[in-house]
Amino acid sequence: MTFPFPVDASLSLIEPLLIVCGVGILLLLLDLVLPHGQKHLTAWVALGGLGWALIRTLAQWGLSERGYAGMVSLDNLSTLFNVVFLCSTAIVVLLSMAFLKREEVEHAEYHALLLFATSGMMMLASGLDLITLFLGIEVLSISLYILAGYRRNSDASNEAAMKYFLLGAFASGILLYGIALVYGATGTTSLHRIGEAIAGVGAPVPEGLIYAGMSLILVGLAFKVAAVPFHMWTPDVYQGAPTPITAFLSAGPKAAAFAAFLRVFFIAFGPAQAEWDMVLGVIAVLTMTVGNIAAIAQTNVKRMLAYSSIAHSGYVLIGLVSGGLVGGTGAVFYLMAYVAMNLGAFGIVVLLESKADRGEELKDYAGIGFKYPLIGALLSLFMLSLSGIPPTVGFVGKLYLFGTAVQTGHVWLAVFGVLNSAISVFYYLRLLVLMYMRESQETLPAIRIPLAMAVVLTVAAVGTLWPGLFPNTWFHAAQESVRSIFS
Amino acid sequence: MSTIAVPLAAYQILAGALFTIGVVGVLVRRSALIVFMSIELMLNAVNLSFVAFSRQHGSMDGHIFVFFVMAVAAAEVAIGLAILIAIFRKRETANVDDVHLLKG
Amino acid sequence: MSLQLLWLVPILPLLGALLNGLGAGRLPRKVVSAIGVGSVGAALVIALGCFATLLGMPGEERFFAQTLFSWIDSGDLSVAVRLGLDPLSAVMMLVVTGVGFLIHVYSTGYMNHEKDYGRYFSYLNLFTFCMLMLVLADNFLVMFFGWEGVGLCSYLLIGFWYTKPSAAEAGKKAFIVNRIGDWGFLIGIFLLFVTFGSLDFGRVFTEAPSILPLGGGMATAIALFLFVGATGKSAQIPLYTWLPDAMEGPTPVSALIHAATMVTAGVYMIARCHVLYALAPTALLVVAVVGAATAVYAATIGLVQKDIKRVLAYSTVSQLGYMFLAMGVSAFAAGIFHLMTHAFFKALLFLGAGSVIHALSGEQDMDRMGGLKKHLPRTHATMLIATLAIAGIFPFAGFFSKDEILWKAFSNGGPILWAAGVIGAFLTAFYMFRLYFMTFHGSERLTPEAKGHLHESPNSMTIPLMLLAVLSLIGGLIQVPLLQGGQRLDAFLEPVFADLARVGGAAAHGAAAAAGHGAAHAAHDPGQEIALMLVSLAIALAGIYVAHRFYVKDPQAPHRLAARARGWYDLLWNKYWVDEIYDARIVQPIVRLSNRLWKDVDAAVVDGAVNGIGRKIEQGAGWLRLAQTGYVQLYALILTVGLVVVFGYLALR
């Protein structure tokens with residue numbers, strides 16, 4: 001028996017990933033060299049690395065190649081998601097500056113871990129094989145476990161890390177067993193060949209094993225995107241983790257998990273859509289409903305945004321259930337929209353936390369609309385977008401998603417979606433009411449918005465408003481990326 | 001030396017049983033350490049399943065997968081123990097149900 | 001004036017909103033007024049120019065579209081931000097900019113003492129922009145954008161005096177009730193998109209008669225879902241409860257948003273979609289019945305309200321009911337006519353009421369008014385004109401428009417709808433003159449401090465009143481019944497509604513009446529029309545007489561009546577207990593549920609006391625929160641159960 005050595009291992013295929021990994025390792029080395037008090041410089045190195053990788057990624061747009069024995073794909077889907085990951089990580093690095101300084105935990109490994117997590121996401125989005133999928137998830141998750149517990153002296157942060165770790169590892173075990181069963185049924189771990197086997201090319205596959213494997217993989221991925229009832233970790237971890245990390249968790253990793261979801265369910269399980277269609281549909285409805293309703297009862301803003309993030313996963317799932325090019329496009333567009341507006345919202349929370357010692361509790365928002373007009377206006381923008389009111393990107397995304405659901409005959413999903421977005425107005429609006437219609441109980445300190453934060457908020461605001469007014473560019477990007485799955 | 005023919009299905013049944021024991025362990029044991037060991041048991045059940053399937057299909061993919069799983073499991077152990085130690089230092093307990101500050 | 005300037009009409013108010021918004025608190029009041037009023041004034045001038053150009057074109061060619069930019073263009077969905085000007089949108093555009101301009105001018109006087117002057121004008125300009133986008137939209141999506149936008153501005157303006165809890169509350173109520181309506185509108189839009197693959201008005205309305213079978217399920221569903229949206233925005237049964245509460249906002253806002261423009265958006269939308277409604281006779285019937293029911297129902301509540309603005313609010317709900325009645329009997333042009341005259345006289349009534357409130361330092365209770373005629377001569381005279389107009393007295397504007405609706409209700413809809421309209425007309429005349437008499441006549445029942453400051457309002461307020469009074473007086477003359485060539489508005493709108501003729505034969509009954517007005521008029525019996533006209537006029541005069549008898553000659557009579565008919569009076573005074581019924585049947589069960597789930601969330605949110613929520617939730621954490629115990633093994637267990645369910649479903653199917 002001979003095994004061919006994969007000669008299609010071109011490094012340019014994974015160049016951005018290599019850059020991110022390389023800079024991550026460099027940061028660990030820098031940590032040894034940099035004197036105390038200078039560690040914050042690692043943030044700029046990390047940003048440089050992310051920028052470099054972003055430039056290389058943008059140059060890859062339109063390329064379509066496969067390599068490493070068909071396990072890694074460079075296509076528009078991976079490129080688009082890489083852009084999303086790199087941008088969101090860069091935003092989180094900028095967000096973290098003030099936080100790290102205030103908490104006096106400016107360590108190089110913080111940024112190194114962010115970069116390693118990013119490389120995991122990139123692997124996840126470009127994997128065409130269950131092996132790369134698994135590796136991507138693990139590289140991502142293991143970095144996140146540490147980051148969630150980064151504030152070692154805080155009980156909440158420790159607890160978040162432990163819960164995330166135990167449940168994450170548990171879910172990984174489930175996902176892994178699912179992979180094993182699918183492998184047992186089809187004899188391959190390649191997504192395309194699994195798809196062919198299920199579609200009936202070649203020998204018949206044992207259905208029981210496939211279904212068992214499919215349900216285990218579904219649960220494993222649903223855990224990562226925080227779909228109900230696999231979402232229970234989300235509120236606790238989001239609340240306990242340091243706020244910049246919560247922002248990070250809610251953006252990139254969620255998008256990465258959805259990218260994997262797209263690939264696995266469109267390519268490998270695509271031929272069996274009739275089987276999982278209903279399951280995912282019900283999960284989508286549960287996710288939206290539980291997320292939105294539980295969010296109403298929250299008093300902690302991070303926890304509220306955690307439930308809101310769960311609800312948004314539900315909306316994206318509508319796109320997956322709708323299926324095909326339109327459904328996929330809707331899901332990808334909505335993810336981009338969600339990342340922009342959500343990072344903006346968290347940006348404000350971090351800003352208030354690090355500059356005004358408030359922002360975690362709802363009551364902290366009373367009256368800030370007048371004290372800080374700019375912050376108030378931006379937060380209003382993000383909240384309106386999250387609740388899907390025009391002319392923001394959140395509206396366009398929801399419109400398109402619900403529209404595709406109707407178009408593909410999933411009217412009931414659209415109805416639940418629209419109802420849910422009506423419910424969600426309730427708690428998003430509450431922040432607005434507080435900001436503009438209540439007086440603050442105490443005197444608010446004056447805030448100077450640091451440059452890094454200004455950049456973050458500007459990018460997020462533009463990303464929330466601009467594609468709301470002119471959605472074409474984003475749409476084409478989303479459409480081309482999903483098209484590349486089907487080619 | 002005499003050998004007995006063990007059918008492949010037996011490996012799968014054993015793997016399934018081990019996995020289930022692992023799941024039950026995660027659900028019922030109080031000590032975080034043992035919960036963690038139960039997760040390891042789940043992973044090893046998967047490994048056994050992979051190897052058996054690999055043999056059945058006559059391909060190497062399963063074996064390769066097992067190596068990755070072992071590497072990842074090692075990394076998880078390192079992180080997991082670190083987190084548990086951090087918690088133990090602050091709260092002097094390693095019981096999972098003593099840790100429920102975040103809820104609601 | 002070139003129609004190419006059309007885009008400036010909505011954009012100028014937007015610029016005004018941005019300037020005033022960014023400069024809020026920094027710009028001097030004079031500059032704020034100049035920007036706020038000037039932008040709308042300039043928009044009005046351009047709108048008039050466009051209108052004149054449109055009039056100069058031959059009837060059939062009166063359509064102009066202007067693409068601003070391509071919004072979404074993604075193969076299966078392509079939507080451009082396009083403005084369309086045709087006679088229907090031109091009428092709406094003139095109403096919005098014209099009445100809007102006068103109300104902006106009035107606001108410079110009314111809001112002069114206000115701290116947040118710039119913020120106010122910024123919101124008001126933003127509202128004008130959104131409303132213009134709504135009426136000038138050339139596809140459903142842009143219309144929806146305007147639709148949501150006016151809702152948002154309405155919310156901001158109702159809650160303008162956010163320090164008053166009831167104002168903040170009312171703003172939220174309006175917003176949430178409207179979201180329910182918008183839900184229906186959105187579903188309607190989705191159904192349109194699925195059916196036509198496009199959201200352009202031109203394409204949808206041209207293709208509708210060939211794609212949708214007459215009376216078919218899809219046409220009915222679309223029409224009804226769109227109507228749900230209309231009931232929310234235009235405060236019809238069952239979604240009207242927000243409008244009376246919306247009176248917490250500043251009075252000019254009530255005049256602009258909650259009388260003249262935004263609340264008529266639903267009427268405009270149905271007129272715009274008349275082709276779809278002509279294809280769905282059942283939906284039309286629903287519209288007519290809801291409209292007639294609302295017209296009578298809201299009028300009865302208006303009979304006993306004591307707050308001057310609340311009377312006007314219920315009156316608005318009732319008058320909107322008339323417009324929907326007109327839509328429902330396919331008298332689209334008549335409905336738009338009433339929309340226009342109503343915008344004049346109801347804006348005038350609100351502004352007049354505002355002038356009274358201003359003069360009395362904020363007093364709104366009519367029990368503490370009376371005898372103001374000699375103190376506020378200008379306000380009194382203009383209010384009287386408006387009251388006569390809304391009561392439908394010849395030759396004021398309301399007479400012509402209301403009469404046309406009643407006549408169409410009789411000829412297209414039958415005697416029952418007509419009778420409802422006439423009863424409503426009687427009630428309207430009664431409660432409006434009750435308001436007039438209680439405010440301006442009889443004994444002075446003012447509180448001492450109100451009496452001290454009593455003064456006629458400044459010119460900036462009374463001049464808009466007088467201009468609106470002129471419009472209320474002569475506005476009806478553009479549509480004189482019976483006279484040859486007197487129906488100028490009908491003739492102007494005819495190209496818009498002409499396509500009704502293409503809708504299948506069975507609908508021709510209503511369609512012909514609406515489209516071929518000339519023909520219909522030639523055919524009908526003028527004697528009958530005159531007879532009906534005289535009946536409704538007599539009824540209105542009777543209403544005035546009763547009001548006079550009760551509130552001027554014998555002021556004790558209403559109290560005696562109220563005492564004798566305690567049950568009825570209470571029923572009306574408490575607005576049929578609808579809020580309470582909603583409360584008992586819908587809110588309370590949810591609250592009880594919530595109590596168990598999230599202890600008093602609803603109540604806590606309703607009173608907005610966010611600070612209280614935390615405590616209350618702590619007290620009785622509900623099951624969702626209970627499930628989220630913090631115990632990691634429970635999370636794992638629920639995950640496992642989920643896994644088993646998913647697996648079980650896949651294995652057993």
Side-chain angles (χ1 to χ4, degrees), chain A residues 1 3 129-132 134-135 137-139 141-143 145-146 148-149 152-170 172-190 209 212 235-240 294 297-300 303, chain B residues 8 12 15-16 19 22-23 26-27 32 35-36 38-54 56-62 64-66 68-69 71-73 75-91 94 96 98-104:
Chain A
M1 218 175 189
F3 297 104
D129 193 291
L130 292 173
I131 295 183
T132 30
F134 172 70
L135 273 183
I137 285 195
E138 288 304 319
V139 170
S141 304
I142 290 177
S143 318
Y145 301 149
I146 310 174
R152 263 178 312 214
N153 296 325
S154 143
D155 277 348
S157 187
N158 275 332
E159 180 174 337
M162 190 196 82
K163 284 179 172 171
Y164 193 22
F165 167 71
L166 285 180
L167 290 170
F170 184 57
S172 290
I174 289 173
L175 174 76
L176 205 52
Y177 198 36
I179 293 176
L181 295 182
V182 169
Y183 169 66
T186 60
T188 175
T189 50
S190 149
L209 270 188
D236 293 7
V237 174
Y238 277 33
Q239 188 184 349
Q298 302 306 322
T299 53
N300 180 295
R303 213 172 169 83
Chain B
L8 275 169
Q12 296 305 340
F19 189 84
V23 170
V26 171
L27 297 182
V35 168
F36 190 38
S38 302
I39 293 175
E40 291 298 311
L41 190 59
M42 288 165 65
L43 295 184
N44 283 316
V46 174
N47 284 345
L48 178 60
S49 176
F50 262 124
V51 173
F53 277 131
S54 206
Q56 180 188 336
H57 291 297
S59 75
M60 290 300 285
D61 296 7
I64 295 170
F65 220 122
V66 168
F68 279 118
V69 174
V72 163
E76 263 182 2
V77 169
I79 302 305
L81 290 181
I83 291 173
L84 291 186
I85 288 170
I87 293 213
F88 189 77
R89 269 199 194 146
K90 279 221 52 150
R91 302 197 193 182
V96 277
D98 290 338
V99 181
H100 52 91
L101 196 68
L102 302 164
K103 61 183 167 216

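Order of the sequence lines sets the chain letters (A, B, ...), proteins ahead of strands, with each chain counted from 1. Heavy-atom basis, side chains included; hydrogens, waters and symmetry copies ignored.
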Leu209(A) portion near chain B, given a 4.5 angstrom heavy-atom threshold: side chain
Side-chain (Tyr177(A)) to main-chain (Met42(B)) donor-acceptor, under 3.5 angstrom: no
Over all atoms of both residues, closest heavy-atom pair of Phe170(A) and Ile39(B): N-CD1, 3.9 Å
Largest heavy-atom contact set with chain A, pairs under 4.5 Å, which of Asp61(B), Asn47(B), Leu84(B), Ile64(B): Asp61(B)
Val72(B) portion near chain A, given a 4.5 angstrom heavy-atom threshold: both
Closest contact, heavy atoms only, Leu101(B) versus Ala156(A): CD2-N, 3.9 Å
Ring centres under 6.0 angstrom apart (Tyr183(A), Phe50(B)): yes
Flag, side chain of His57(B) to backbone of Gly184(A), donor-acceptor distance under 3.5 Å: yes
Whether Lys90(B) side chain and Asn153(A) backbone form a donor-acceptor pair below 3.5 Å: yes
Selection from Ala45(B), Gly62(B), Ala78(B), Ala75(B) maximising heavy-atom pairs under 4.5 Å formed with chain A: Gly62(B)
Cationic N near anionic O, under 4.0 Å, Glu159(A) to Arg91(B): yes
Pick from Leu135(A), Asp129(A), Ile142(A), Leu176(A) with the largest number of heavy-atom pairs that fall under 4.5 Å of chain B: Leu176(A)
Partner set under salt bridge (charged side-chain N to carboxylate O under 4.0 Å, His left out) for Arg152(A), not counting sequence neighbours: none
Closest non-hydrogen atom pair, Ala169(A) against Glu76(B): CB-OE1, 3.9 Å
Best-contacting candidate, Ala52(B), Ser49(B), Ser54(B), against chain A by heavy atom pairs under 4.5 angstrom: Ser54(B)
Side-chain heavy atoms of Ile83(B) within contact of Asn158(A), under 4.5 Å: no
Under 4.5 Å from any heavy atom of chain B - which part of Glu138(A): side chain
Non-hydrogen side-chain atoms of Val96(B) and Met162(A) separated by less than 4.5 Å: yes
Salt bridge (charged side-chain N to carboxylate O under 4.0 Å, His left out) partners for Asp236(A), two or more places apart: Lys163(A), Arg303(A)
Selection from Ala32(B), Ala86(B), Gly80(B), Ala82(B) maximising heavy-atom pairs under 4.5 Å formed with chain A: Gly80(B)
Distance, nearest 0.5 Å, that separates CZ of Phe65(B) from CD1 of Ile179(A): 4.0 Å
